[in-house]
Amino acid sequence: MKIYSEQDVDRAALADARIAVIGYGSQGRAHALNLRDSGFNVVAGLRPGGPTAKRAAADGLEVKAPADAVRDADLVAMLTPDPVQPELYAAIEPNLKKGATLLFAHGFNIHYKQITPRADLDVVLIAPKGPGDLVRRQYEQDKGVPCLIAVAQDATGTAFARALAYADGLGGARGGVLETTFAEETETDLFGEQAVLCGGATELVLKGYETLVEAGYQPEVAYYECLHELKLIVDLLHEGGLKKMHEFISETAQYGDLTRGPRVIDDSTKERMRAVLKDVQDGTFARQWVDENASGRDNYRRMLDEDLAHPIEAVGAKLRARMSWLQS
Ligand code: NAD
Ligand code: MG
C-alpha cells in the first residue's frame with residue numbers, strides 16, 4: 001500500500017484556496033483551525049445564531065450561513081453529522097462554484113447514494129483516523145493523525161492532488177495518508193464500529209459484567225474487572241499490538257487468554273460478524289438507518305435509553321465520581 005507523506009504533496013493544488021468548513025463539531029473545529037493555521041482562507045458554514053457559530057466566531061473564524069459560506073469557496077468540507085448532509089447538500093448545491101471540490105470525512109452519503117453531487121465537482125474523502133480533538137492536538141505539536149484519502153469523482157483532473165493538499169493542511173501528511181476508496185472506507189468503518197469497536201466491545205463488557213453479577217459477585221468489583229480495566233489492555237494493544245500486551249500481563253493472564261479467549265469469541269462469532277458485514281455491503285444497514293432518520297428516530301432513541309438504563313451505568317457513575325484523575 002502506498003502511504004503519502006509531506007514530500008508527495010503538491011501545495012500548488014490548493015494554493016490560495018478558500019475553504020468552507022460546514023459543521024463545527026468534533027471534526028469540523030479541528031479541520032477549520034488546522035487549515036487556518038496552515039495558511040488557508042477558511043470560512044465556517046454554520047446555522048446563524050446556533051451554539052457552534054458562537055464558538056467558531058470566538059475562535060476567530062469568519063462565520064456565515066452554509067449556503068453563503070460556499071459561494072466563493074474552492075473546496076467545501078461537509079463535516080456535519082452524516083444524516084443531515086443530504087438536505088444540507090441540496091441547500092448549498094446551487095451556490096457551489098463550478099469545478100469546486102466537495103470533501104467528506106466519511107463516505108456514507110456518497111457510497112450509499114444519499115447525495116449525488118453535480119458532475120462538474122470533484123468529490124473526495126479525507127478521513128482522519130482519530131477524533132477531532134486528537135487531530136487538533138497533534139497538529140499543534142507539529143505532528144499529525146494519519147488520514148485515509150479517496151476520490152469518488154474527478155471532474156477537474158486534480159481531485160487527488162487537492163485532497164492530498166487538504167490532508168497536508170490538517171497535518172495528516174506528517175502522520176501518513178493511506179489511499180483507499182469510498183466503498184472500502186465506508187464499509188470497513190461501519191463494520192468496525194458495529195462488530196468490534198462500539199457494538200462488539202460494549203456487548204462484551206456488558207455480558208462479562210452480567211455473568212459476574214448474576215453469579216453473586218459484587219457489582220462494583222465486576223465493574224472494575226469488566227469495564228474499567230479494559231482501558232489498560234486497549235492502551236497496550238494500541239501502543240504495541242498483542243506483543244506488548246503479553247509483555248505487560250502476568251503469565252497466568254496469558255495462559256487464561258490463550259486457552260479461554262477462543263472459547264468466548266469463536267468461529268460462530270465470526271459467522272455472525274460476516275452476517276453483519278453482509279448487511280453493510282448490500283446496503284441493508286444503510287437503508288435501515290436512513291429510514292430510521294426519515295421516520296423520526298423513535299426506535300433509535302428508545303434503544304439508546306435502554307442501553308443507558310443498564311445497571312452498569314449507575315454503578316459506574318458512582319465509582320467514577322471517586323476517580324480524581326477523571327475530573328477535569
Ligand atoms: P459532530 O456531531 O461532532 O458535529 C456536527 C456539527 O455539525 C455540529 O457541531 C454543528 O456545528 C453542525 N451541524 C449539525 N447539524 C447541522 C445542520 N443542520 N446544519 C449545519 N450545521 C449543522 O460531527 P463529527 O463527529 O465531527 O462528524 C462529522 C463528519 O466527520 C461525519 O461525516 C463523520 O462520519 C465524520 N468523521 C467523524 C469522526 C469523529 O471522530 N467524530 C472521525 C472520522 C470521520
Ligand atoms: Mg451496545
Side-chain angles (χ1 to χ4, degrees), residues 19-35 42-59 61-70 73 75-93 95 102-112 114-115 117 123-139 144-150 152 163 166-167 170-172 175 177-178 180 182-194 197-198 280 285-286 289-290 293-294 297 300 304:
I19 298 180
V21 174
I22 314 296
Y24 207 65
S26 172
Q27 292 294 325
R29 181 170 189 269
H31 290 221
L33 295 180
N34 290 6
L35 291 164
V42 176
V43 55
L46 300 167
R47 288 165 295 184
T52 56
K54 285 196 199 77
R55 187 160 193 221
D59 287 334
L61 288 165
E62 179 185 355
V63 181
K64 290 186 171 180
D68 294 322
V70 304
L75 186 150
V76 175
M78 297 283 274
L79 300 175
T80 67
D82 297 296
V84 311
Q85 288 180 7
E87 211 181 301
L88 195 63
Y89 177 75
I92 64 171
E93 193 194 58
N95 297 349
L102 191 64
L103 181 140
F104 294 86
H106 176 42
F108 189 100
N109 285 310
I110 295 298
H111 182 57
Y112 294 115
Q114 300 302 302
I115 295 177
V123 181
V124 303
L125 173 101
I126 291 295
K129 297 315 282 177
D133 65 324
L134 190 67
V135 172
R136 180 62 182 157
R137 252 186 298 130
Q138 289 293 297
Y139 179 87
V145 172
C147 293
L148 297 181
I149 187 169
Y166 181 98
L170 293 186
V177 182
L178 288 68
T180 183
F182 271 68
E184 185 177 67
E185 185 277 336
T186 305
E187 292 172 5
T188 55
D189 189 73
L190 292 175
F191 173 79
E193 67 198 18
Q194 293 173 13
L197 305 174
C198 310
V280 166
F285 172 79
W289 178 222
V290 168
N293 278 285
R297 302 167 41 119
Y300 164 68
L304 208 51

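Numbering of ligands and ligand atoms starts at 1, following listing order.
Contact annotation for Thr80 and ligand 1: heavy atoms of both the backbone and the side chain come within less than 4.0 Å of the ligand. Under 4.0 angstrom from ligand 1, there are no non-hydrogen atoms of Glu87. Proximity of Leu46 to ligand 1, defined as any heavy-atom pair under 4.0 Å, is confined to the side chain (atoms from C-beta onward).
The nearest heavy-atom contact from the protein to atom 4 (O) of ligand 1 is Gly25 CA, 3.2 Å. Atom 39 (C) of ligand 1 has as its closest protein heavy atom Gln27 NE2, 3.5 Å. Protein heavy atom at the shortest distance from atom 44 (C) of ligand 1 is Ala105 O, 3.3 Å. Of all protein heavy atoms, the one closest to atom 33 (C) of ligand 1 is Asp82 OD2, 3.6 Å. Of the protein's non-hydrogen atoms, Thr52 OG1, 3.8 Å is the one closest to atom 10 (C) of ligand 1. Nearest protein neighbour of atom 12 (C) of ligand 1, counting heavy atoms only, is Gly23 CA, 3.7 Å. Nearest protein heavy-atom neighbour of atom 25 (O) of ligand 1: Ser26 CB, 3.9 Å. Distance from atom 18 (N) of ligand 1 to its nearest protein heavy atom, with residue and atom name: Arg47 NH1, 3.7 Å.
Checking Val21, Val84, Leu79 against atom 28 (C) of ligand 1, the nearest heavy atom belongs to Leu79.
Residue Pro81 places a heavy atom under 4.0 Å from ligand 1. Within the structure, the closest approach of Gln85 to ligand 1 falls below 4.0 Å when heavy atoms are considered.
Leu125 contributes atom CG, which lies 7.0 Å from atom CG of Leu148 (distance to the nearest 0.5 angstrom). Taking CG of Leu35 as the start and OH of Tyr139 as the end, the distance is 8.0 Å to the nearest 0.5 Å. Taking CD of Gln85 as the reference point, atom NE2 of His106 lies at 9.0 Å (rounded to 0.5 Å).
Thr180 and Glu184 are linked by a side-chain donor-acceptor pair at a separation below 3.5 angstrom, with hydrogens and angles left out of the test. Checked by atom type, the side-chain pair Tyr24/Asp59 shows a donor-acceptor distance below 3.5 Å. A donor atom on one side chain and an acceptor atom on the other are not found under 3.5 Å apart for Glu185 and His111.
Of all heavy-atom pairs between Pro86 and Ile115, the closest is CA-CG1, 3.8 Å. What you find for Ile110 and Ala152 is that their closest heavy atoms are CG2-CB, 4.0 Å. Nearest heavy-atom pair across Ala91 and Ala67 is O-CB, 4.1 Å.
Residue His106 has no N or O atom closer than 3.5 Å to an N or O atom of ligand 1.
Aromatic ring pairs are classed by plane angle as parallel below 30°, tilted from 30° to 60° and perpendicular above 60°; the pair Tyr166 and His31 is tilted.
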